[in-house]
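Since the structure comes first, as structure tokens, the remarks are kept for the end.
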2 protein chains.
Amino acid sequence: MLLTPAMQDFILHWGEMGAKWGVNRSVAQIHALLHIAPDPLDAEEICDTLGLARSNVSTGLKELQGWKLVKSSRALGDRRDVFISVQDMFDLSRVVIEGRREREFVPTIAALREVAKAAEGDATPDHVKARMQETLQTMQMFDDWYRDVSGLPRGVQLLAMKLGAKIARFLPKG
Amino acid sequence: MLLTPAMQDFILHWGEMGAKWGVNRSVAQIHALLHIAPDPLDAEEICDTLGLARSNVSTGLKELQGWKLVKSSRALGDRRDVFISVQDMFDLSRVVIEGRREREFVPTIAALREVAKAAEGDATPDHVKARMQETLQTMQMFDDWYRDVSGLPRGVQLLAMKLGAKIARFLPKG
DNA sequence: CCATTATTTCAGGGAATACAGAAATGCCCA
DNA sequence: TGGGCATTTCTGTATTCCCTGAAATAATGG
């Protein structure tokens with residue numbers, strides 16, 4: 001696939017952003033490429049276009065599939081896989097957030113809950129226990145909110161965002 | 001400062017979480033320690049407690065101050081700085097989100113805007129231009145929403161979260 | 001069941017990052 | 001102005017992570 005300068009830049013920036021958010025650069029670049037590609041690409045094309053090793057692309061694609069950002073399919077009568085990305089930005093954010101929540105946020109909450117419980121049984125000072133509790137509760141509150149809201153249909157979410165923003169403009173600034 | 005096992009665990013987990021979120025382990029540990037410490041600590045105490053090199057602590061504290069997660073002050077008649085962290089979890093999340101937005105999200109949007117503009121002037125295919133535009137618009141929508149909502153007083157934000165969650169439970173699941 | 005092609009796994013080199021200890025700088029007070 | 005104390009910068013080393021190329025595995029068609 002031939003890239004215009006603007007397309008190259010897009011992929012480059014996407015890679016940078018990914019790197020900052022804890023996804024490695026090549027993975028983010030592969031995703032960017034699939035994100036703007038109109039048709040499914042096979043692994044070989046991705047290698048050529050991005051100048052990455054075949055194995056690297058394979059690993060990257062697998063990771064992206066794990067995040068449910070990319071789907072593979074196989075054209076009839078062909079033996080190689082072709083890949084497409086989730087094309088919609090809204091879905092994309094959902095998937096990314098959900099992934100981080102499951103892999104990082106939830107385990108952290110669980111671990112902190114254990115720690116807070118353990119603190120009850122040792123010499124941990126009261127103010128520290130209190131602070132651990134507060135930390136836990138606030139994280140839990142965010143998580144509860146997310147779980148409730150994430151279940152809504154996208155249309156409702158969009159509406160709520162727009163409505164929320166509109167209302168916000170009438171309320172006193174913090 | 002003496003750490004009970006539970007306190008050690010707390011700091012350890014905080015460090016892990018930080019690492020996953022792109023903050024290095026020592027920095028996150030320093031923050032964790034300050035987060036549970038009832039009184040301001042000086043750099044020396046932090047070293048001793050966490051077993052880190054003095055220079056490392058210095059760098060870490062500077063980074064935390066850059067993120068506005070830690071403030072330094074100097075006790076009257078003393079010549080060394082003491083440090084405290086933002087103690088409130090809600091504030092903490094606000095600061096973290098705000099920091100990431102400013103440092104990563106906003107620049108990315110700006111960069112993508114440039115790219116999308118450049119795409120108008122080169123051979124970039126139409127569907128690619130369209131996808132770039134869509135990407136940009138969705139990110140912009142999130143950012144607009146955030147800016148509106150973040151300006152609200154905390155009480156209103158909390159209320160809105162709780163209300164949103166409550167309403168969400170009555171609406172059809174997505 | 002073999003030949004061919006696609007994919008995955010693995011080991012090693014290399015770049016980026018984190019950290020410790022030493023040196024340098026800055027600051028305050030006598 | 002100089003000495004002592006606190007902080008920061010610097011430099012080398014260790015560690016971690018990334019990516020490649022080769023080897024192994026899997027899949028398909030003859």
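Residue numbers start from 1 in every chain, and the chains themselves are labelled A, B, ... in the order their sequence lines are given, proteins ahead of strands.
Residue A/G22 is out of contact with every strand shown, counting any heavy-atom pair closer than 4.0 Å. In this structure, B/N56 reaches the sugar-phosphate backbone alone: every heavy-atom distance under 4.0 Å involves primed, P, OP1 or OP2 atoms, never a base. Looking at heavy-atom distances under 4.0 Å, A/G51 makes contact with sugar-phosphate atoms alone, never a base. Residue contacts for B/D42: at a heavy-atom cut-off of 4.0 Å it reaches no nucleic acid atom on any strand shown.
B/L50 places its CG atom 15 Å from the C1' atom of C/dA20, with the value rounded to the nearest Å. Following rounding to the nearest Å, A/R54 (CZ) and D/dA23 (P) show an atom-to-atom distance of 17 Å. When the C1' atom of C/dT5 is taken as reference, atom CD of A/E44 falls 11 Å away, rounded to whole Å. Regarding B/D78, its CG atom lies at a distance of 13 Å from the P atom of D/dC5, rounded to whole Å. Between the C1' atom of C/dC19 and the CG atom of B/L61 lies a distance of 15 Å, rounded to the nearest Å. B/D81 has its CG atom 16 Å from the P atom of C/dG26, to the nearest Å. At whole-Å resolution of the value, NZ in B/K62 and C1' in D/dC10 are 13 Å apart. Separating the CZ atom of B/R25 from the P atom of D/dT15 is a distance of 13 Å, rounded to the nearest angstrom.
Distance from the side chain of B/A53 is smallest for C/dA20 among the nucleotides D/dT8, C/dT7, C/dA20. The nucleotide whose nearest atom lies closest to any side-chain atom of A/A43 is, among C/dT7, D/dC5, D/dA27, C/dT7. Which of C/dA20, C/dC28, D/dT8 sits closest to the side chain of B/L52 comes down to C/dA20. The listed nucleotides are C/dG21, D/dC19, C/dT8; the one nearest the side chain of B/S55 is C/dG21. Across D/dT9, C/dC19, D/dC5, the shortest atom-to-atom separation from the side chain of B/R79 is found for D/dC5.
Regarding contacts with the backbone of C/dC19, a side-chain N or O of B/N24 is found under 4.0 angstrom from either OP1 or OP2.
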Problem set entry | Audit row: B/S72, B/Q65, side chain to side chain donor-acceptor pair (under 3.5 Å) steps and yes/no | CA-CA 8 Å; B/S72 70; B/Q65 285 174 290; 3.1 Å; yes
For this session: Decide yes or no on side chain to side chain donor-acceptor pair (under 3.5 Å) for B/H13 and A/T108, but give the supporting numbers first.
Result: CA-CA 7 Å; B/H13 280 294; A/T108 300; over 6 Å; no
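You won't find any donor-acceptor pair under 3.5 Å spanning the side chain of A/R80 and the base of C/dT7, going by distance alone.
In the hydrophobic clustering of ILVMFWY residues, with side-chain heavy atoms under 4.5 Å counting as a link, B/F105 and B/W21 come out apart. Residues A/V23 and A/V86 do not share a hydrophobic cluster, defined by chaining ILVMFWY side chains whose heavy atoms lie under 4.5 Å apart.
Neither side chain, A/Q157 nor A/R94, offers a donor N or O lying under 3.5 Å from an acceptor on the other.
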